[in-house]
Chemist: 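So that we are looking at the same thing, I have put the structure below in structure tokens.
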Amino acid sequence: MTPTLPIAPPARRQAAREALALDDEALLKVCDVEFFIASGPGGQHRNTTASGVRLTHPPTELSVTATERRSQSQNKDAAVRRLRAGLQALTFVPKVRKATRPTLGSKRRRLEEKKRTSEKKAGRGGRLGDQA
């Protein structure tokens, strides 16, 4: 069974759709952009510059970060890609599944197959005490 994703409220879903229609520059203007010092490998340059980027989209309350590069602009591009992927996930609406009943033909075929299997197994021979 596939895991079910939480369904976003309609207002949040609509805000995500509107944000996806924007180009990257307009999307960045709507978002809160925060730069911070990213920890990890990369040497002195990375440890002294604010190369980490955090984007927060207030209408959808979606926040993403990118810290894997030493360059702030590369991290900003990666964060925008992640934000778009998150907004795309918010717009997903699962199809409503209806319970169905088996058709008469499928019931008949299933019972016939069960009967054939039963006859096959019954004809395989008896118990050890039945042999003469």
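As the structure is a prediction and not an experimental result, all values here were calculated from the model. FYI, side chains are in, hydrogens and waters are out, and symmetry mates aren't considered; it's all heavy atoms of this structure.
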Chemist: Minimum heavy-atom separation for Arg116 to Glu113, with atom names?
Modeler: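 So the two residues come closest at NH2-OE1, 2.7 Å.
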Chemist: Is any side-chain heavy atom of Val80 closer than 4.5 Å to a side-chain heavy atom of Val53?
Modeler: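 They are not in contact (no side-chain heavy atoms under 4.5 Å apart), so the answer is no.
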Chemist: Work out which heavy atom in Ala15 is nearest to a heavy atom in His57; give both atom names and the distance.
Modeler: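 Scanning both residues completely, I find the closest heavy atoms to be O-CE1, 4.1 Å.
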Chemist: Nearest 0.5 Å, what's the CD-CZ distance between Gln74 and Arg69?
Modeler: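 Between Gln74 CD and Arg69 CZ, I get 5.5 Å after rounding to 0.5 Å.
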Chemist: I need the minimum non-hydrogen distance between Ala79 and Ala66, along with the two atoms involved.
Modeler: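 Heavy atoms only, the tightest pair is N-CB, 3.8 Å.
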Chemist: If you compare all heavy atoms of Arg82 against all heavy atoms of Thr65, which two are closest, and at what distance to 0.1 Å?
Modeler: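 Scanning both residues completely, I find the closest heavy atoms to be NH1-O, 2.5 Å.
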Chemist: Working to the nearest 0.5 Å, report the span between CZ of Arg110 and NZ of Lys114.
Modeler: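 Reported to 0.5 Å precision, the distance equals 6.0 Å.
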Chemist: Measure the spacing between CG of Leu55 and CG of Leu27 and express it to the nearest 0.5 Å.
Modeler: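 With rounding to 0.5 Å, CG (Leu55) is 7.5 Å from CG (Leu27).
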Chemist: Answer yes when Glu112 and Arg109 have at least one side-chain N-carboxylate O distance shorter than 4.0 Å, and no when they do not.
Modeler: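 No salt bridge links Glu112 with Arg109.
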Chemist: Could you pull out the closest heavy-atom pair between Thr60 and Ala16, with the gap in Å?
Modeler: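 Residues Thr60 and Ala16, closest heavy atoms: CG2-N, 3.6 Å.
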Chemist: For a side chain to side chain contact (heavy atoms under 4.5 Å, CB included) check, start with the C-alpha distance between Lys76 and Leu28, then their side-chain angles and the critical distance, and finish with the verdict.
Modeler: CA-CA 10 Å; Lys76 190 191 292 186; Leu28 282 172; 3.9 Å; yes
Chemist: Could you name each residue pair satisfying side-chain hydrogen bond (donor to acceptor under 3.5 Å, both in side chains) that touches residues 90-104, not counting sequence neighbours?
Modeler: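 Every pair satisfying side-chain hydrogen bond (donor to acceptor under 3.5 Å, both in side chains) with a residue in residues 90-104: Thr103-Ser106.
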Chemist: Are Leu62 and Val33 grouped together when hydrophobic residues (ILVMFWY) are joined by side-chain heavy atoms under 4.5 angstrom apart?
Modeler: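 Yes, one cluster joins them.
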Chemist: So, do Lys107 and Pro102 sit near enough that their side-chain heavy atoms are less than 4.5 Å apart?
Modeler: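 Yes; the side chains approach each other to less than 4.5 Å.
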Chemist: Atom CZ of Phe36 and atom OG1 of Thr49: how far apart are they, to the nearest 0.5 Å?
Modeler: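 Atom-to-atom, Phe36:CZ and Thr49:OG1 are 11.5 Å apart.
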Chemist: Working to the nearest 0.5 angstrom, can you tell me the gap between Ser51 OG and Gln72 CD?
Modeler: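 One finds 7.5 Å between OG of Ser51 and CD of Gln72.
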Chemist: Flag yes if Val64 and Phe35 sit in one hydrophobic cluster, no otherwise; membership is Ile, Leu, Val, Met, Phe, Trp, Tyr, and two members link when side-chain heavy atoms are under 4.5 Å apart.
Modeler: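 Val64 and Phe35: one cluster.
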Chemist: In Å and rounded to the nearest 0.5 Å, what is the CG to OG1 distance from Leu83 to Thr56?
Modeler: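 Leu83 CG to Thr56 OG1: 9.0 Å, rounded to 0.5 Å.
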Chemist: Can you tell me if CG on Leu111 sees more than 12 non-hydrogen neighbours from other groups inside 6.0 Å?
Modeler: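 Enclosed: over 12 neighbouring heavy atoms sit under 6.0 Å from CG of Leu111.
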Chemist: Are Leu87 and Phe92 connected into the same hydrophobic cluster when the rule is that any two of I, L, V, M, F, W, Y join if their side-chain heavy atoms are below 4.5 Å apart?
Modeler: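 No, Phe92 does not connect to Leu87 through the hydrophobic network.
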Chemist: Show every side-chain hydrogen bond (donor to acceptor under 3.5 Å, both in side chains) that has at least one partner inside residues 12-26, sequence neighbours left out.
Modeler: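 Listed once each, the pairs are Gln14-Arg17, Gln14-Glu18, Asp24-Arg84.
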Chemist: What I'd like to find out is whether the side chain of Thr48 reaches to under 4.5 Å of the side chain of Ile37, using heavy atoms alone.
Modeler: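 Not in contact.
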